[in-house]
Asker: 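Structure below; questions to follow.
Hydrogens, waters and symmetry mates play no part in the numbers below; they use all other heavy atoms, side chains included. Remember, it's a predicted structure, so these values are computed and weren't measured experimentally. First listed ligand is number 1; within each ligand, the first listed atom is number 1.
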Amino acid sequence: MKISNQLLTKLREKKAVLWINPNAGGPLPPDAPSVGEIHVAAARLQRFSPLLAHFFTELAGSGGAIDSDLTPADSLRDALNEEGKGVSDGAWFIKRDDQLPVAGSIKARGGFHEVLAYAETVALKNNLIVEKDDRIALCTPTARAFFAQYAVAVGSTGNLGLSIGLMAAALGFETTVHMSADAKEWKKARLRKRGVRVVEHVGDYAKAVAAGRAEALAQEKCHFVDDEQSPLLFFGYAAAAYQLAAQLAAAGRIVDAQHPLFVYLPCGVGGAPGGITFGLKAIFGEHVHCFFAEPVASPCMLVQLCAEDGEAMSVYDIGLDNRTEADGLAVGQASHFVAPIMKSQLAGVFTATDEQLFLDLLALKDTLGIEVEPSAAAGVRGPYWISCSEQGQRYIKDHHLNMRAATHIIWSTGGSLVPREELDKFQNKALTTKLHLQH
Ligand SMILES: *Cc1c(COP(=O)(O)O)cnc(C)c1O
């Protein structure tokens with residue numbers, strides 16, 4: 001493993017750190033996917049938008065487009081500055097994937113795309129539609145009855161299960177979601193209400209995925225959505241980059257050598273933040289600086305990017321327990337499809353303690369009225385790490401960055417489906433943490 005003893009000690013002690021990726025800017029691996037795949041995914045989502053608007057009333061307003069707002073967040077910046085954290089100039093925004101329709105999290109992007117791609121393949125192969133047909137044809141009782149002979153399965157800590165489960169069930173697939181023991185009750189209940197079979201597994205997320213994979217592979221006509229290695233999820237997520245680019249342009253934010261763009265993305269297995277990074281790099285190249293945010297107990301992408309080539313490294317291998325309140329990020333081993341791509345694209349990774357996640361979730365509520373789940377607050381400390389840490393300052397200097405003209409995007413990733421009483425629990429926990437720290 002290529003990691004300093006000092007950093008390794010901090011990781012083991014669950015101290016928050018910023019790690020700058022020494023391989024950033026290098027070549028992509030020879031088998032890296034092509035950028036064209038992002039356009040294929042974006043076109044597919046577009047093609048299916050009338051069908052989505054038909055299935056889900058909350059999508060009628062957007063014509064079936066899966067996208068979220070880009071909200072200015074200078075008040076969050078100013079509040080954190082006041083706390084004496086000294087966080088930077090530049091314009092701040094929150095990307096509101098916590099509000100993505102239907103699934104309520106960033107998983108809507110990749111998850112919907114993969115289920116739609118599978119439905120399209122099955123439909124074309126069996127002549128339910130021909131290539132040029134409108135995809136709305138797939139909402140008929142005939143199509144549903146046909147899809148009912150096929151199964152879709154997924155292993156998940158929760159949010160991916162919601163995304164895949166709701167979309168697959170809407171199309172008529174026989175749908176199974178394998179969940180780890182720590183998955184939230186309300187997510188299981190929501191899926192069961194839509195006729196999704198929920199199977200609970202003892203053990204962590206990787207165990208749920210493995211069990212789901214084994215069961216699905218033993219069945220004919222079953223598609224397993226493999227979060228640990230799925231290109232279809234990845235390209236669905238990547239399509240977000242083009243939407244963000246359009247929103248930045250509309251907000252008058254320039255991205256070039258004089259105007260750096262920083263993006264802070266919560267990372268679980270790496271699919272969602274990895275896909276978005278891949279897309280943003282395709283658009284903005286060296287002018288975008290993407291950082292992942294991981295819980296101190298689950299820095300799986302950091303650990304994997306420090307591993308020797310070809311070696312799989314998990315957080316357990318360095319003595320961490322992968323136990324965090326950020327259930328969307330509680331992953332011990334990074335995706336082996338995504339990690340090699342991130343090796344040359346990711347600027348770095350910072351970690352956050354659960355305490356910090358709760359404080360930041362409260363800061364989002366107090367300054368912007370945004371209520372999210374703990375995972376979704378992981379990016380909030382990004383600008384602080386860049387501007388106020390030694391490693392961050394060195395990064396700015398090495399890249400000759402003009403921070404006055406910087407744009408910072410904190411990617412918020414989930415929360416709008418979380419029941420009221422759960423949100424209240426988060427806030428209470430945050431308040432207790434805050435009081436505790438003041439004494
Ligand atoms: C899944 C998830 C992420 C991270 O996505 P990965 O593809 O697992 O890296 C971030 N935030 C929330 C709320 C999530 O559910």
Asker: Whether the R253 and H259 side chains hold a donor-acceptor pair (N or O, under 3.5 Å, no angle test) is what I'd like checked.
Answerer: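 Result is no, nothing qualifies.
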
Asker: Within ligand 1, which atoms have a heavy atom of G271 less than 4.0 Å away?
Answerer: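 By the 4.0 Å cutoff, the relevant atoms are 6 (P), 7 (O), 9 (O).
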
Asker: A376 near ligand 1, heavy-atom distance under 4.0 Å?
Answerer: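 Under 4.0 Å: no for A376.
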
Asker: Using a 4.0 Å cut-off to any heavy atom of E373, which atoms of ligand 1 qualify?
Answerer: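 Per the distance check, 13 (C).
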
Asker: Can you see whether K187 engages N159 through a side-chain donor-acceptor pair at a distance of less than 3.5 angstrom?
Answerer: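 Judged by distance alone, the side chains do pair up.
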
Asker: For atom 10 (C) of ligand 1, which protein heavy atom lies nearest, and how many Å away is it?
Answerer: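 Going atom by atom, the protein heavy atom closest to atom 10 (C) of ligand 1 ends up being L329 CD2, 3.4 Å.
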
Asker: Please list, one pair per line, the donor and acceptor atoms closer than 3.5 Å that link side chains of residues 272-285 to other protein atoms, with sequence neighbours excluded.
Answerer:
| residue | atom | partner | partner atom | Å |
| --- | --- | --- | --- | --- |
| T277 | OG1 | P273 | O | 2.8 |
| K281 | NZ | G285 | O | 3.2 |
| K281 | NZ | V288 | O | 2.9 |

Asker: Go through the side-chain N and O atoms of Q304 and H336 and say whether any donor and acceptor fall under 3.5 Å apart.
Answerer: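 Their side chains do not contain a donor-acceptor pair, so the 3.5 Å distance test is not met.
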
Asker: Should you measure from each heavy atom of P273, which atoms of ligand 1 turn up under 4.0 Å away?
Answerer: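 Selected atoms, number and element: 5 (O), 6 (P), 7 (O), 9 (O).
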
Asker: Judged by modelled atom types alone, do Y237 and H113 share a side-chain donor-acceptor pair under 3.5 Å?
Answerer: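 Looking only at side-chain atoms, H113 and Y237 do not form any donor-acceptor pair under 3.5 Å.
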
Asker: Tell me whether D227 has any N or O atom under 3.5 angstrom from an N or O of ligand 1.
Answerer: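 Between D227 and ligand 1, no N or O pair is found under 3.5 Å apart.
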
Asker: Return the closest protein heavy atom for atom 8 (O) of ligand 1 as residue, atom name and distance.
Answerer: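 Minimum-distance protein heavy atom for atom 8 (O) of ligand 1 reads V269 N, 3.0 Å.
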
Asker: Where does N159 meet ligand 1, judged by heavy-atom distances below 4.0 Å: at the side chain, the backbone, both, or neither?
Answerer: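 Just the side chain.
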
Asker: So V177 and R197, side chain to side chain contact (heavy atoms under 4.5 Å, CB included) or not? Walk me through it.
Answerer: CA-CA 6 Å; V177 175; R197 185 167 73 105; over 6 Å; no

Asker: With side-chain hydrogen bond (donor to acceptor under 3.5 Å, both in side chains) as the test, pick out the partner of D67 among K95, R96, Q99.
Answerer: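 It is K95; the other options fail the test.
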
Asker: Taking only heavy atoms of C267, which atoms of ligand 1 are found under 4.0 Å from at least one of them?
Answerer: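 Listed by number with element, the hits are 9 (O).
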
Asker: How far is atom 11 (N) of ligand 1 from its nearest protein heavy atom, and which residue and atom name does that atom have?
Answerer: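 In this structure, atom 11 (N) of ligand 1 has T413 OG1, 2.7 Å as its nearest protein heavy atom.
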
Asker: Specify side chain, backbone, both or neither for A272, according to which of its non-hydrogen atoms lie closer than 4.0 Å to ligand 1.
Answerer: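 Both backbone and side chain.
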
Asker: With side chain to side chain contact (heavy atoms under 4.5 Å, CB included) as the test, would you mind laying out the steps for E373 and L357 before giving the verdict?
Answerer: CA-CA 9 Å; E373 58 188 272; L357 295 180; over 6 Å; no

Asker: Using a plain distance cutoff, I'd like to know if I106 has any nitrogen or oxygen under 3.5 Å from a nitrogen or oxygen of ligand 1.
Answerer: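 No, since none of the N or O atoms of I106 sits under 3.5 Å from an N or O of ligand 1.
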
Asker: Heavy atoms, side chains only, cut-off 4.5 Å: are W186 and E422 in contact?
Answerer: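 W186 vs E422: side chains touch.
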
Asker: Side chain or backbone of L160 under 4.0 Å from ligand 1, or both, or neither, by non-hydrogen atoms?
Answerer: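 The answer is neither.
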
Asker: How far is atom 3 (C) of ligand 1 from its nearest protein heavy atom, and which residue and atom name does that atom have?
Answerer: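 Closest protein heavy atom to atom 3 (C) of ligand 1: K107 NZ, 3.5 Å.
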
Asker: In the protein, which heavy atom is nearest to atom 4 (C) of ligand 1, and how far is it?
Answerer: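 Of the protein heavy atoms, G268 N, 3.5 Å lies nearest.
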
Asker: With sequence neighbours left out, what residues match R135 under salt bridge (charged side-chain N to carboxylate O under 4.0 Å, His left out)?
Answerer: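 For R135, the residues satisfying salt bridge (charged side-chain N to carboxylate O under 4.0 Å, His left out) (neighbours in sequence not counted) are E120, E131.
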
